[in-house]
Amino acid sequence: MLLEVNNLTVKYGEISALKGISLNVKEGELTTLIGANGAGKTTLLKTISGLLHPVSGNIIFNGKDITNTPTDAIVRLGISQCPEGRKVFPRQTIYENLKAGAFVRKDNEVEKDIENFFERFPRLKERRNQKSGSLSGGEQQMLVICRALMARPKLLLLDEPSMGLAPIVVSEVFDIIKELRDSGMTILLIEQNAKQALKIADTGYIIEVGNIVAGDTAAELLKSESVKKAYLGG
Ligand code: ATP
């Protein structure tokens, strides 16, 4: 396992947003965590990234206990998060956003990686010197994914990348996530869009008000009657 979350409890004041949850992310796999609004998905990602601290439980990454490790150290260890809501740095150019994603790197291949992303996403290349705030929603989503990848992570955390995008753009974003997984990247994908997430994932977990209520291969979850009824529109 690349990531193990064990019995994690996270509270906001007296309220438990995560109630002792456990899940695993296998190296090279795409794992998805699906659940409704307010179920605790973002809380989990923020805790893995070190932005929130659990009251109990632990997080093991690559064999090392990273519970309560500062966020910048977690990025250095190889975990990159794409936050919810496509948070580009709007007043910085596309090029500057990509460069910012490499802040932890000391090697001399940063420019090469930026050029590779520009080859893959010509729309970003054409507008490399424009402010990122001028991009469409879908383009901003591509940019935040590329920015996270600029850290050359071992694990990519994606928080609801499809949120607020037109259906055709949602499909493009899922295609890109699938392509990343096929290239060997390990991914934890948080989604409300259960059907599309499970279609591209290897493993899935379902979270309901702070508890994991199901965990299985994505193929099994797609076949499950209770999952179909609650999350896949019958
Ligand atoms: P969404 O899809 O809306 O992002 P989510 O599954 O990511 O939902 P979380 O954002 O993790 O859910 O929220 C889990 C619970 O914790 C919710 O009940 C939410 O109201 C509560 N919560 C989240 N952030 C805070 C906060 N800063 N202070 C207090 N309660 C919070």
Side-chain angles (χ1 to χ4, degrees), residues 3-25 30-59 61 66-71 74-75 79-88 137-138 140-141 144-145 147-148 155-167 169-171 173-174 177 187-201 203-216 218 221-222 224 226-233:
L3 182 79
E4 292 172 42
V5 171
N6 299 308
N7 303 313
L8 202 69
T9 295
V10 180
K11 291 187 173 185
Y12 296 106
E14 287 302 301
I15 297 163
S16 295
L18 298 178
K19 303 171 184 168
I21 69 162
S22 299
L23 62 84
N24 293 322
V25 178
L30 169 47
T31 300
T32 188
L33 175 69
I34 59 183
N37 241 328
K41 304 182 299 299
T42 300
T43 300
L44 174 65
L45 284 201
K46 284 185 172 168
T47 310
I48 296 171
S49 294
L51 297 165
L52 290 173
H53 301 294
V55 293
S56 59
N58 63 32
I59 302 168
F61 175 66
I66 59 160
T67 325
N68 296 318
T69 302
T71 299
I74 288 178
V75 179
I79 300 182
S80 262
Q81 180 174 350
C82 279
E84 192 175 9
R86 300 186 283 285
K87 297 204 174 60
V88 296
Q140 290 191 14
Q141 188 58 60
V144 291
I145 292 175
R147 189 181 63 195
L155 172 66
L156 181 66
L157 307 176
L158 296 172
D159 195 351
E160 296 199 32
S162 77
M163 193 174 62
L165 297 176
V169 184
V170 169
S171 295
V173 169
F174 278 105
I177 297 168
I187 301 170
L188 177 58
L189 167 67
I190 303 294
E191 264 297 336
Q192 284 194 50
N193 196 330
K195 197 180 237 166
Q196 272 171 299
L198 287 172
K199 273 190 185 157
I200 61 167
T203 302
Y205 291 92
I206 296 181
I207 184 167
E208 284 177 4
V209 284
N211 289 302
I212 301 274
V213 296
D216 208 333
L221 290 175
L222 276 171
S224 145
S226 59
V227 172
K228 273 190 203 164
K229 216 164 139 198
Y231 293 97
L232 307 175

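In this text the structure is predicted, and so the values were computed from the model without any measurement. Order of appearance sets the numbers: ligands from 1, and atoms from 1 within every ligand. Only this structure's heavy atoms are used, side chains among them; waters, hydrogens and symmetry mates stay out.
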Side chain Lys19, main chain Ile212, donor-acceptor under 3.5 Å: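 No; judged by distance alone, with no hydrogens or angles, the pair does not exist.
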Any donor-acceptor pair under 3.5 Å linking the side chain of Tyr231 with the backbone of Ala36?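 Such a contact is absent between Tyr231 side chain and Ala36 backbone.
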Among Ile190, Ile206, Leu189, find the residue that satisfies the side-chain contact (heavy atoms from CB on, under 4.5 Å) test when tested with Ile34.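 Of the listed residues Ile190, Ile206, Leu189, the side-chain contact (heavy atoms from CB on, under 4.5 Å) partner of Ile34 is Ile206.
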Would you confirm whether any non-hydrogen atom of the protein falls under 4.0 Å from atom 20 (O) of ligand 1?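 Given the 4.0 Å cut-off, atom 20 (O) of ligand 1 does not count as touching protein heavy atoms.
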Is the number of heavy atoms from other residues, nucleotides or ligands within 6.0 Å of NZ (Lys195) greater than 12?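 Not buried by this count: 12 neighbours or fewer within 6.0 Å.
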Report, in ascending order of atom number, the atoms of ligand 1 lying under 4.0 Å from any heavy atom of [X].
{"X": "Ala39", "answer": "5 (P), 6 (O), 12 (O)"}
{"X": "Thr43", "answer": "9 (P), 11 (O), 13 (O), 14 (C)"}
{"X": "Gln192", "answer": "2 (O)"}
{"X": "Thr42", "answer": "4 (O), 5 (P), 7 (O), 10 (O), 11 (O)"}
{"X": "Lys41", "answer": "2 (O), 5 (P), 6 (O), 7 (O), 8 (O), 11 (O), 12 (O)"}

So among Thr67, Asn68, Asn6, which one has a side chain to side chain donor-acceptor pair (under 3.5 Å) with Asn58?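 Going through Thr67, Asn68, Asn6 one by one, the side chain to side chain donor-acceptor pair (under 3.5 Å) with Asn58 is satisfied by Asn6 alone.
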Does ligand 1 have any atom sitting under 4.0 Å from a heavy atom of [X]?
{"X": "Gly35", "answer": "no"}
{"X": "Asn37", "answer": "yes"}
{"X": "Glu160", "answer": "yes"}
{"X": "Ala36", "answer": "yes"}

Protein contact of [atom] - nearest heavy atom, named by residue and atom, plus distance:
{"atom": "atom 12 (O) of ligand 1", "answer": "Gly40 N, 3.2 Å"}
{"atom": "atom 23 (C) of ligand 1", "answer": "Tyr12 CE1, 3.4 Å"}
{"atom": "atom 14 (C) of ligand 1", "answer": "Gly38 O, 3.3 Å"}

4.5 Å side-chain heavy-atom contact, Lys41 and Leu45: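 Answer no - side chains too far apart.
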Flag side-chain contact, heavy atom, 4.5 Å: Ser162 against Asn193: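 Side-chain contact under 4.5 Å: yes.
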Once rounded to the nearest 0.5 Å, what's the spacing between atom OG1 of Thr9 and atom CD1 of Ile21?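 So the OG1 of Thr9 and the CD1 of Ile21 are separated by 9.0 Å.
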Least distance between heavy atoms, Leu165 atom then Gly138 atom: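 Nearest heavy atoms, Leu165 then Gly138: CD2-N, 3.6 Å.
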